[in-house]
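Below: one structure, written as structure tokens.
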There are 2 protein chains.
Amino acid sequence: MTESSRRPIGVAVLGMGNVGTEVVRILHENAEDLTARVGAAIELRGVAVRDITRWRGVDASLVTDDPASLVVRDDVDIVVELIGGIDLPRSLIRTALEHGKSVVTANKALLADYTGELASAAADAKVDLYFEAAVAGAIPVIRPLMQSLAGDTVTRVAGIVNGTTNFILSAMDADGDDYDTVLAEAGRLGYAEADPTADVEGYDAAAKAAILASIAFHSRVTAADVHRQGISSITVDDLESAKKLDCTVKLLSICERFVDPDGRERISARVYPALVPLSHPLAGVGGAFNAVVVEAENAGRLMFYGQGAGGAPTASAVLGDLVMAARNKVHGGRGPLESTYASLPVAPIDDALTRYYVSMRVADRPGVLSAVAGEFSSRDVSISTVRQEGAGDDARLVVVTHRARDVALSDTIEALQDLDSVLSVSSVLRLEGTDE
Amino acid sequence: MTESSRRPIGVAVLGMGNVGTEVVRILHENAEDLTARVGAAIELRGVAVRDITRWRGVDASLVTDDPASLVVRDDVDIVVELIGGIDLPRSLIRTALEHGKSVVTANKALLADYTGELASAAADAKVDLYFEAAVAGAIPVIRPLMQSLAGDTVTRVAGIVNGTTNFILSAMDADGDDYDTVLAEAGRLGYAEADPTADVEGYDAAAKAAILASIAFHSRVTAADVHRQGISSITVDDLESAKKLDCTVKLLSICERFVDPDGRERISARVYPALVPLSHPLAGVGGAFNAVVVEAENAGRLMFYGQGAGGAPTASAVLGDLVMAARNKVHGGRGPLESTYASLPVAPIDDALTRYYVSMRVADRPGVLSAVAGEFSSRDVSISTVRQEGAGDDARLVVVTHRARDVALSDTIEALQDLDSVLSVSSVLRLEGTDE
């Protein structure tokens, strides 16, 4: 192993949380390998922390609480942004790009809304903007979508990309404990943050859906374009019902390209807890794992699976980007940036084609099924299966529909609630991962 | 969508079999998208076929039976090699690279032995040599290993990378039909070639193992370095026995980095049918699908799954490489090539650490278990489970070992065959996908 005689590549790491600490550790431990792979040494030129009295494992002379000074330094070639938040990293990344630094970031919330602005700045400066770690941690998803599938037409991306909610749903399913109990447990185990809103209400999954949809469909999709529904209203009953249908419940981030009734190609991007058949590969993704299924016209269905969070796995993805950015600094050239040439419009959830599972308490008398079925058929919603359960006060009707416009389905649910024979609609979930 | 004003990128396709035909179709159908993604049009400058009286779907003026003339043409920037074989494509690719053309190939047999030579030529010419389609068809594996994991240390790659054998083993498992019956069926369905040797004897899987080991461990591993055993001796009894152990049988390509007893880091690369626990993700990979599990120090365990063969899926991988090579022609720079800086030596199969499953017919008398166990323990092989089955003439002993040096295990099998109390060793398979 020979050290390269080329000028070293200087790196600044902004943010020394779980991921930043691991990035610095790996840079140090794998230094010889990284040098051989890049063709030049990667040298840490500085790390920015919020509080310079609190940091560990880094030479004190490298530590600063002034990230803005790092991103413009002449001896910094690549900036790794792991601060989190929006305004500060947005400004730092822009400044870094404008100063000719390549940038690696894991900041999904920022990317979901500002990839366009940042990609333009990177294009102007002819530098790299890489963000593999922003979606699904260590699992290569961004690079496969942008590069491996660059000659194909991606039609659908559907994934479990939030480990916290997957841990909660898996535990509710396995143990039969209710949402609040499992959420508290997830907090104790470090799988849920003190304020779990971003995870459990689907904001994190929606940001990732926006990133995935943008790159898969070469169009601009932001977090606000993503229909979002979290898991906080999921009950043990929902999971029990799912089991009866040979399904489980997963929080899915779904990005689809579809042709609307007027023949226009559009994008649907949505996040919600859905029934997934146990036979579907995503059903078996348990605990804090992530998985992403990609469907493309020629490649068919691909699945990527692995650890979606955690310091070391996320740092692995950051390091992969860092090595590629460093190679480009040494050998010239740059990786592809987000492109939006296709400019497909994003459709509202109403226009998406989905399947519903509906469970309702009904009066135990003749004619109920006919009345319920009538509400579906009058809106052109075709029913796949109906099951009648219990009797008397416990009489229930469980309906699974075929695929239909989501608005027709949600209108039907509203109408059902007004029927005399329907006492209450106890559960409504969409059903994904089926071919019908 | 605007056509780029940049000089178009000229492409020559050598070989118009299943994959070549699909590549040309997709180049034509996706022309607008490809132009937008590359930043310049991709133009087909010629296709080489063996017999110019037999081709379809291409402008006659583009067709030639002289591939050597295509690879040196000034208006060809990228050569796509899909001829197969060794000598002719080796010579054509070398010439193309020496003339400054980037090359995309799916030729695993060639790459398994000559990646080093070809990568050197590509490095000298500062052009790309891409081969995503050589392993696992449409599934991105090469790019994730070379790029996404470029900052990590890969410790293990284990995959089902041959669709023919996976189809046969899956069908034997599901239907209980014997090997010859299922092989004939696979031939009728187009899953097995007229001469199935390369698939069923593991040559194809070994070539892919050599490629995977080389790039995963940054070392030179050729097909001859890979221990290889095919599936033609697998019986219905083996699959029945596997079921009793909650396992199935899969032909695996395994590439490992391990530390030998003298503390030296070495590579083990091997292909054989092995027992895989039903709980392992590879156990569920059925039919003609492929899957690759990658383990890395920081990323942990990743899995990639999808269609490992077929015209369109393989063409998707070729097109991804083609687009990236074309982007590099437009924007400068180039992707990483095979690197061998780590130069880890390849260990013989004797030194690999494996687990064995052994089934033997034994005499039905006291002391048999003690004699059998003695042969294992005298070679420091620790037994995990023993099961005694049947009685009298049907008495059988089934032993599963812990991990041990493969040579200690194979020596034990030989010694068992010499024991008076062992009538015959009816089945020996390695067990993979367990943590012990």
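Below, all heavy atoms of this structure are taken into account, side chains as well, without hydrogens, waters or symmetry copies. Order of the sequence lines sets the chain letters (A, B, ...), proteins ahead of strands, with each chain counted from 1.
Between A:Pro144 and B:Phe304 the shortest side-chain heavy-atom distance does not fall below 4.5 Å. With a 4.5 Å cut-off on side-chain heavy atoms, A:Pro313 and B:Asn298 do not count as touching. When side chains are defined from C-beta on, B:Val293 does not count as touching A:Tyr305, because their heavy atoms never get closer than 4.5 Å.
Chain B is approached within less than 4.5 Å, heavy atom to heavy atom, by A:Leu319, A:Gly320, A:Val323, A:Met324, A:Arg327 from residues 317-327 of chain A, ordered by number. For residues 151-158 of chain A, the interface with chain B (any heavy-atom pair closer than 4.5 Å) comprises A:Gly151, A:Asp152, A:Thr153, sorted by residue number.
With chain B as the partner, the residue from A:Ala299, A:Gly333, A:Gly335 showing the most heavy-atom pairs under 4.5 Å is A:Ala299. Most heavy-atom pairs under 4.5 Å with chain B: of the set A:Arg37, A:His218, A:Glu22, this distinction falls to A:Arg37. Chain B forms more heavy-atom pairs under 4.5 Å with one residue of A:Gly300, A:Pro336, A:Gly306, A:Gly332 than with any other, namely A:Pro336.
Within the structure, salt bridge (charged side-chain N to carboxylate O under 4.0 Å, His left out) contacts touching residues 276-295 of chain A (residues at least two apart or in different chains) are A:Glu295-A:Arg301.
Across all their heavy atoms, A:Ala138 and B:Leu302 have their closest contact at O-CD2, 3.8 Å. Residues A:Ser148 and B:Glu132 share a closest heavy-atom pair of OG-OE1, 4.3 Å.
For the atom pair CD of B:Gln147 and CZ of A:Arg143, the computed distance is 5.5 Å after rounding to the nearest 0.5 Å. In this structure, B:Arg334 CZ and A:His331 NE2 are separated by 5.5 Å, a value rounded to the nearest 0.5 Å. In this structure, the separation between CD1 on B:Ile26 and CD on A:Glu297 is 9.0 Å, given to the nearest 0.5 Å.
Using a 4.5 Å cut-off between heavy atoms, B:Ile139 contacts chain A through both its backbone and its side chain.
For A:His280, there are no ring pair (Phe, Tyr, Trp, His ring centres under 6.0 Å) partners two or more places apart in sequence or in a different chain.
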